[in-house]
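Just so you know, residue 1 is the first one in the sequence shown, and it goes up from there. Treat the numbers as computed from the prediction; the structure is a model and nothing was measured.
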Amino acid sequence: MDKKEILTKFYVDKDYSRLKSALIASESPYELDILAKIYIEEKNYNEAARIYYKSGMLYEYGRCCLLSGNIEETSHIWRTIKEDNPATLWGKSLLEFINLYVVNIPTFFQIRAFLEVDLDALLQADLITYCENIANGAHLFAQNNPESYKFIGRVFVNNKYYELAELFLKKAKDVCYVDPEVHFLLAKCYLHKNDIKKAKASLKTSMEKGYGYYPAKKLLKEINT
């Protein structure tokens with residue numbers, strides 16, 4: 001199975017069962033990483049951690065421990081990583097947000113690369129307190145990346161926490177009114193409340209700001225039919 005087929009089966013087909021059968025005996029670091037990602041998708045964090053530990057991928061190993069709710073072990077593992085890179089610097093900062101003692105605010109690009117992915121993963125792992133603590137630091141993230149409110153709001157929309165999503169998306173709208181996706185996501189929140197009037201207004205604004213933003217146009221058409 002070549003890389004293209006692996007990526008298609010993982011990201012598009014989500015054919016985890018077949019991929020696991022094909023990769024279970026692999027010694028390729030790339031294929032083992034995909035295998036570990038499958039276990040994370042299945043919430044089998046211990047098995048994913050075992051693969052990353054065996055592969056010497058300490059950051060990923062620590063992240064699996066975090067998704068298992070073992071923040072102390074995560075902190076210990078990440079402290080053993082001597083070489084700083086965007087992922088490790090982000091990880092150390094993320095722990096500060098979870099522990100409600102923030103010293104190091106991540107950079108613009110660290111927030112863009114990791115905030116949404118990790119918040120979503122923590123929600124999937126049912127680590128609600130961790131997620132609340134991260135979301136409560138949104139104003140700090142926004143100091144370095146104003147899109148942070150949208151990132152957090154989008155995660156909550158995708159996980160059907162519409163009331164929470166609306167709070168962050170309204171802040172995102174105040175920061176960047178011209179972003180069509182913000183209005184589109186807000187429309188989804190209004191639809192959840194069955195507020196069709198507000199939803200339509202948000203979708204029309206999305207289309208205006210996004211030069212006919214297609215997702216908004218498509219959703220508006222679905223509402224009107």
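- Using modelled atom types, one side-chain atom of T225 and one backbone atom of K221 make a donor-acceptor pair closer than 3.5 Å.
- Under a 4.0 Å N-O distance rule, the pair E96/K92 does not qualify as a salt bridge.
- The shortest side-chain heavy-atom distance between Y190 and S202 falls under the 4.5 Å cut-off.
- Nearest heavy-atom pair, L32 versus S26, reported as atom, atom and distance to 0.1 Å: CD2-O, 3.4 Å.
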Check your understanding: Going through the distances and angles, do F114 and L94 end up as a side chain to side chain contact (heavy atoms under 4.5 Å, CB included)?
Key -> CA-CA 10 Å; F114 301 109; L94 182 65; over 6 Å; no

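- Checking side-chain atoms of S148 against main-chain N and O of A138 turns up no donor-acceptor pair under 3.5 Å.
- Here OH of Y130 is found 8.5 Å from CG of L122. Values are rounded to the nearest 0.5 Å.
- Within the 4.5 Å cutoff, the side chain of D174 has no heavy atoms near those of the Y149 side chain.
- Checked for salt-bridge contact, K37 and E41 miss the test: no charged N lies under 4.0 Å from a carboxylate O.
- The nearest pair of heavy atoms linking N46 to S68 is OD1-OG, 3.8 Å.
- A cation-pi arrangement is present between K3 and Y30, with the terminal nitrogen or guanidinium carbon under 6.0 Å from the aromatic centre and inside a 45° cone about the axis.
- Scanning for salt bridge (charged side-chain N to carboxylate O under 4.0 Å, His left out) contacts around R154 gives E116, E181, with sequence neighbours left out.
- Taking the charged nitrogens against the carboxylate oxygens, K209 and D179 have no contact shorter than 4.0 Å, which rules out a salt bridge.
- Side-chain contact between F141 and F97 is present, with heavy atoms from C-beta onward closer than 4.5 Å.
- Taking the six-membered ring for Trp, Y177 and H183 have ring centres closer than 6.0 Å.
- A distance of 10.0 Å separates CD of E132 from CG of L100, quoted to the nearest 0.5 Å.
- Using a 4.0 Å cut-off between a side-chain N of Lys or Arg and a carboxylate O of Asp or Glu, R63 and D118 qualify as a salt bridge.
- Here the closest heavy-atom approach between residue C189 and residue L169 is recorded as SG-CD1, 4.0 Å.
- Taking the six-membered ring where the residue is Trp, the centroids of F168 and F156 are separated by under 6.0 Å.
- When the shell of 6.0 Å around CD of E27 is examined, it contains 12 or fewer heavy atoms from other residues, nucleotides or ligands.
- With a 6.0 Å radius and a threshold of 12 heavy atoms from other residues, nucleotides or ligands, K188 has its NZ atom at or below the threshold.
- Other residues, nucleotides and ligands place more than 12 heavy atoms under 6.0 Å from the NZ atom of K193.
- By the 4.5 Å heavy-atom criterion applied to side chains, L19 and D13 are not counted as neighbours.
- Side-chain contact between S93 and P106 is present, with at least one heavy-atom pair separated by less than 4.5 Å.
- Taking CG of L89 as the reference point, atom CD1 of I81 lies at 10.5 Å (rounded to 0.5 Å).
- Between Y53 and Y61, the two ring planes are tilted [angle within 30° to 60°].
- Here the shortest heavy-atom pairing between F184 and L219 reads CE1-CD2, 3.8 Å.
- D15 CG to I38 CD1: the interatomic distance, rounded to the nearest 0.5 Å, is 9.0 Å.
- For the atom pair OH (Y59) and OG1 (T74), the distance works out to 9.5 Å, reported to the nearest 0.5 Å.
- Atom CD of E47 is separated from atom CD1 of I40 by 11.5 Å, given to the nearest 0.5 angstrom.
- Donor-acceptor pairing under 3.5 Å is recorded for the side chains of Y52 and D33.
- In plain terms, the two heavy atoms of K150 and A172 that are nearest each other are N-CB, 3.8 Å.
- Inspection of the Q124 and N159 side chains reveals an N or O donor paired with an N or O acceptor under 3.5 Å.
- Not a single salt bridge (charged side-chain N to carboxylate O under 4.0 Å, His left out) links E208 to another residue, sequence neighbours left out.
- In this structure, F108 places its CZ atom where more than 12 heavy-atom neighbours from other residues, nucleotides or ligands lie under 6.0 Å away.
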**Study point:** Working for salt bridge (charged side-chain N to carboxylate O under 4.0 Å, His left out), residues K20 and E42
**Key:** CA-CA 11 Å; K20 280 197 295 184; E42 296 177 339; 3.0 Å; yes

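- Residues L67 and A125 share a closest heavy-atom pair of O-CB, 3.5 Å.
- Take Y16 and apply the ring pair (Phe, Tyr, Trp, His ring centres under 6.0 Å) test, not counting sequence neighbours, and it matches F10.
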Practice item. Might you work through the side chain to side chain contact (heavy atoms under 4.5 Å, CB included) test for L186 and V157, ending with a clear yes or no? Key: CA-CA 9 Å; L186 268 171; V157 167; over 6 Å; no

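- Within a 6.0 Å radius of NZ in K217, no more than 12 heavy atoms belonging to other residues, nucleotides or ligands are found.
- Listed for the E166 side chain is no donor-acceptor partner under 3.5 Å among the backbone atoms of E163.
- Among R79, E73, E72, the one residue that satisfies the side chain to side chain donor-acceptor pair (under 3.5 Å) test with S75 is R79.
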